[in-house]
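I have placed the structure first, in the form of structure tokens, so that the comments after it can refer back to it.
Quantities reported herein were computed from a predicted structural model and do not represent experimental measurements. Chain A is the first sequence line, chain B the second, and so forth, proteins listed ahead of strands; every chain is numbered from 1.
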There are 2 protein chains.
Amino acid sequence: MTEDDGFELSSFTPYLLNQAAEAQSVAFAAIYRNRYGMLRTEWRVLFHLGRYGPMTAKDISTSALVHKTKISRAVRALEQKRFLKRVERPGDGRSEYLVLRPPGEEAFRDLCHAAREHEAQLERRLGQQDARMLRQLLVKLRET
Amino acid sequence: MTEDDGFELSSFTPYLLNQAAEAQSVAFAAIYRNRYGMLRTEWRVLFHLGRYGPMTAKDISTSALVHKTKISRAVRALEQKRFLKRVERPGDGRSEYLVLRPPGEEAFRDLCHAAREHEAQLERRLGQQDARMLRQLLVKLRET
DNA sequence: GCTTGTTAGTTACAAAAGCAACTATCAGGT
DNA sequence: ACCTGATAGTTGCTTTTGTAACTAACAAGC
């Protein structure tokens with residue numbers, strides 16, 4: 001028996017974070033997967049365009065900290081679903097603006113609604129105080 | 001402009017959890033990947049055996065909430081690294097006890113040490129108060 | 001002791017993610 | 001104008017994960 005044996009995985013922060021993140025996103029992923037056949041990255045791209053308006057793949061990649069190949073494939077998938085279109089960019093021939101089309105906007109609004117619902121449910125489970133505290137701590141962790 | 005446009009992804013809990021979990025486990029994963037060529041599930045299996053002693057694949061699967069196919073593959077990988085061996089189970093021919101071998105135990109102790117180090121670093125970044133609070137909230141979330 | 005249903009674990013195939021190489025465009029210096 | 005290096009995005013290949021089907025062993029009822 002060494003003193004290391006006392007180490008507890010079940011209170012190891014990376015482990016806890018993983019379990020929580022897994023549980024939470026599985027629950028929400030079921031929504032956009034079932035309703036629109038979307039993958040997680042597709043939902044994130046959709047969200048960025050819906051929330052912040054037209055932007056390039058690179059912009060989304062930077063903002064969401066997601067690798068450009070994942071963005072590229074998500075954009076193609078959303079394009080095939082007729083959720084967005086590519087618009088030529090005057091100054092730069094390398095990239096295009098990505099713009100939501102009406103079906104994409106509708107899906108965006110619907111999913112925002114579902115996300116709010118999901119968040120409200122979390123708050124009921126955890127209590128408003130604790131839910132807020134958790135968010136704050138996670139933000140702090142990201143920014144530290 | 002609908003009211004849904006006000007929804008912020010960057011303070012959506014599942015999103016925050018994902019970012020945090022990703023950042024944290026990438027950092028720790030680098031350690032067991034570089035030192036022992038292990039994958040995340042392998043580390044979890046190793047941990048369970050090191051911490052709780054011999055147990056079956058099913059036991060680990062239940063305890064860690066990881067699907068049995070992932071456990072099966074992780075066990076094989078650890079077996080090939082000579083980190084564990086399979087021991088026949090008298091009463092039940094379907095499953096085997098998984099037992100760490102000396103190299104596995106050594107890796108376990110080393111990784112426990114690294115994990116403590118990692119946790120300590122997090123506490124320095126977040127402050128002891130907040131680090132503890134975060135853990136408590138994540139535990140509460142899991143158990144609610 | 002023979003069916004029926006369950007459990008542990010593995011395997012095979014498909015979906016997704018990671019990574020490196022590639023094309024095309026741009027920007028700056030000479 | 002031309003070279004050099006950087007940037008945006010895509011494609012191909014490999015690794016990892018997810019899912020479902022499968023084998024083998026057990027358990028319970030008849």
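Once you apply a 4.0 Å limit to the heavy atoms of chain A, the touched nucleotides of DNA chain D run 5' to 3' over D:dT7 to D:dG12.
Checked against a 6.0 Å centroid threshold, the rings of B:Phe12 and A:Phe28 count as neighbours.
At a threshold of 4.5 Å between non-hydrogen side-chain atoms, the residues A:Leu138 and A:Leu17 count as touching.
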With sugar-phosphate taken as primed atoms, P, OP1 and OP2 and all else as base, the protein-contact string of nucleotides 3-14 of chain C at under 4.0 Å (heavy atoms; B, S, -) is ----BSBBBB--
Assess the residue pair B:Arg44 and A:Asn18 against the criterion (side-chain contact (heavy atoms from CB on, under 4.5 Å)); give the C-alpha distance rounded to whole Å, side-chain angles, the decisive distance to 0.1 Å, and a yes or no.
CA-CA 12 Å; B:Arg44 287 206 183 157; A:Asn18 245 306; 3.8 Å; yes
Given A:Leu98 and A:Met55, is the side-chain contact (heavy atoms from CB on, under 4.5 Å) satisfied, shown in steps?
CA-CA 6 Å; A:Leu98 305 170; A:Met55 54 200 302; 6.0 Å; no
Derivation of the side-chain contact (heavy atoms from CB on, under 4.5 Å) call for B:Ile31 and B:Glu117:
CA-CA 11 Å; B:Ile31 296 173; B:Glu117 185 54 47; over 6 Å; no
Should A:Leu49 and A:Phe83 be marked as a side-chain contact (heavy atoms from CB on, under 4.5 Å) after you check the CA-CA gap, both sets of side-chain angles, and the distance that decides it?
CA-CA 10 Å; A:Leu49 297 175; A:Phe83 277 11; over 6 Å; no
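Counting to the nearest Å, the P atom of C:dA17 and the CG atom of A:Leu65 are 16 Å from each other.
Using a 4.0 Å cutoff on non-hydrogen atoms, the parts of residues 23-44 of chain B near DNA chain D are B:Leu39, ordered by number.
Residues B:Leu137 and A:Met133 approach most closely at CD1-CG, 3.5 Å, considering heavy atoms.
No side-chain donor from either of B:Asp59 and B:Thr62 sits under 3.5 Å from a side-chain acceptor of the other. A donor atom on one side chain and an acceptor atom on the other are not found under 3.5 Å apart for A:Arg135 and B:Ser11.
Under a 3.5 Å cut-off, the side chain of A:Glu42 and the backbone N or O of A:Leu78 do not form any donor-acceptor pair.
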